[in-house]
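Worksheet for the structure shown next.
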Amino acid sequence: MDTRKLKYFLAVVDHGGFNRAAEHLLIAQPSLSQTIAGLENELGVPLFHRIGRRVVLSEAGKELVGPARLVMRDLDAAQSAVQALRGVRSGRLDIITMPSPGIEPLTSMIAGFIRAHPSVRLNVSAAFTPEEVIESVRSGSTEIGLAGSSSAIKVPGVQVINLERQPLILIVNPHADTFGPGAAIQREDLGGHRLIASQRGSLMRWLVDDALAHGVDTEIVVEVAHRTSILPLVLAGVGHAVMPSSWAPTAHKAGLRTLLIEPVSHLDVAILSRKEDLTPAARAFLAIAELHAVQDETHAANQ
């Protein structure tokens, strides 16, 4: 087995098939198919199931993805280390994030990282639960993960840096703003209002369900998995939305009002990584994350 075969294997995985992978790699599709067949012969197991024109990872293929990414990442790290001697910094950093941490603090951390390391390419993938983030980091599919949870995240064998606590807010539907002039509301004030809710299992949905369980007469009008739809739905007057405070700056730029919901519930945001064998890019990103955590602690102490 050589790194070229692993590179071709990952290209098929990342591009969803042989044709697109061959176009990306700038090689003929039969050549790519022959290389993958050779890799399967070496391993003695099929890596893909061919279903018509589609390919789907086999169980063996799924198991190979993480180790293959580790090998290619280590190769990039070795090349970057040698290039650094000539003043060149390059490479790739794979990150996975849940939606709200993906707005903040990820945006600020990426901006700081790119300013310091403009030649490093970042690849950010999506997850919807802390468990998905943890599994991705543990398997080696990604080096860095951002997760949000109702309590501090603790994972054996994984390095966890607690970044910040985001209070839950209400993004107010401008067509149904009957709230007072203050900056906060009580959960009971949600009574009589229509809400856009996240899917079950999220902290935001828990708050809405908890209010309903305690007799607050509110109505879930839309349940949204893709949270990029939430602000447009609020702007369209569909309903209010309960979200972490990371959404507040974007909501304000869109002309929407936000209110703190009391008693306050927090989304604990943390960054996860393996404890060893990190690439230089990952270590540099964690240094920026640690600085962010210190700044957040200082800000909280001064309030």
Side-chain angles (χ1 to χ4, degrees), residues 1-43 45-80 89-99 101-102 106 110 113-114 117-129 131-147 225-226 228 271-274 277-282 285:
M1 187 188 303
D2 58 45
T3 57
R4 179 180 64 91
K5 293 177 181 177
L6 292 180
K7 177 182 177 181
Y8 285 11
F9 165 72
L10 290 174
V12 177
V13 173
D14 292 338
H15 294 277
F18 283 80
N19 288 334
R20 290 181 180 177
E23 291 174 3
H24 173 76
L25 294 167
L26 302 178
I27 63 172
Q29 192 269 336
S31 177
L32 174 59
S33 296
Q34 185 177 4
T35 300
I36 296 299
L39 179 59
E40 291 177 322
N41 287 335
E42 286 184 31
L43 295 173
V45 290
L47 299 175
F48 297 98
H49 296 304
R50 280 73 170 176
I51 305 174
R53 294 184 178 181
R54 296 174 56 244
V55 292
V56 179
L57 277 169
S58 67
E59 287 303 312
K62 292 176 183 178
E63 290 296 322
L64 182 60
V65 170
R69 292 200 192 281
L70 284 174
V71 169
M72 299 308 298
R73 193 174 293 127
D74 288 343
L75 180 61
D76 285 342
Q79 292 172 337
S80 297
R89 296 190 177 277
S90 60
R92 165 175 164 153
L93 176 59
D94 294 310
I95 300 172
I96 189 168
T97 181
M98 291 174 62
L106 182 61
I110 284 180
F113 180 84
I114 291 299
H117 308 282
S119 297
V120 177
R121 177 187 172 188
L122 301 183
N123 178 56
V124 182
S125 56
F128 289 95
T129 66
E131 290 74 22
E132 290 178 73
V133 174
I134 293 166
E135 175 57 28
S136 181
V137 171
R138 274 182 165 165
S139 69
S141 294
T142 54
E143 284 198 276
I144 301 292
L146 270 84
H226 295 287
T228 51
I271 190 165
L272 287 69
S273 68
R274 298 195 312 275
D277 298 327
L278 294 174
T279 62
F285 197 91

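For the numbers below, each heavy atom of this structure counts, side chains included, while hydrogens, waters and symmetry mates do not.
- For the pair Thr35 (side chain) and Ser31 (backbone), a donor-acceptor distance under 3.5 Å is present.
- Nearest heavy atom pair, residue Asp14 against residue Arg69, reads OD1-NH2, 2.7 Å.
- Few gaps surround CZ on Arg4; more than 12 heavy atoms of other groups in view lie less than 6.0 Å from it.
- For Arg73 (side chain) and Ser141 (main-chain N/O), a donor-acceptor pair under 3.5 Å exists by modelled atom type.
- You'll find the side chain of Leu57 stays beyond 4.5 Å of the side chain of Leu64, heavy atoms only.
- Within a 6.0 Å sphere centred on CD of Glu42, other residues, nucleotides and ligands contribute more than 12 heavy atoms.
- One distance of note links CZ of Arg92 with CG of Asn123; it measures 4.0 Å at 0.5 Å rounding.
- Here CZ of Phe18 is found 4.5 Å from CZ of Arg50. Values are rounded to the nearest 0.5 Å.
- Taking the six-membered ring for Trp and thresholds of 30 and 60 degrees, His226 and Phe128 have ring planes more than 60 degrees apart, a perpendicular arrangement.
- Gln29 and Ser33 form a side-chain donor-acceptor contact under 3.5 Å, judged by distance and modelled atom types alone.
- Contact between Ala21 and Leu32 at its shortest, heavy atoms only, is CB-CD2, 3.7 Å.
- The side-chain heavy atoms of Phe48 and Val56, taken from C-beta on, include no pair separated by under 4.5 Å.
- In this structure, CG on Leu47 lies 11.5 Å from NZ on Lys5, to the nearest 0.5 angstrom.
- Of all non-hydrogen atoms in Val45 and Ala60, the two that sit nearest each other are CG2-CB, 3.6 Å.
- For the pair Ala147 and Pro101, the tightest heavy-atom approach, listed with the atom from each and the gap, is C-CG, 4.1 Å.
- The shortest heavy-atom contact between Val133 and Leu146 is CG2-O, 3.6 Å.
- Salt-bridge check for Lys62 with Glu59: passed, with a basic side-chain N closer than 4.0 Å to an acidic carboxylate O.
- Interatomic distance, CG of Leu272 versus CD1 of Ile96, reported as 10.5 Å (0.5 Å rounding).
- No option in Val13, Leu25, Thr3 other than Leu25 meets the side-chain contact (heavy atoms from CB on, under 4.5 Å) test with Tyr8.
- Considering OG1 of Thr279 and CZ of Arg274, their distance stands at 8.0 Å, rounded to 0.5 Å.
- Summarising the geometry of Leu6 relative to Ala68, their closest heavy-atom pair is CD2-CB, 4.0 Å, with the distance given to 0.1 Å.
- In this structure, Ile134 CD1 and Thr129 OG1 are separated by 8.0 Å, a value rounded to the nearest 0.5 Å.
- Counting heavy atoms from C-beta on, the side chains of Ile271 and Phe285 come closer than 4.5 Å.
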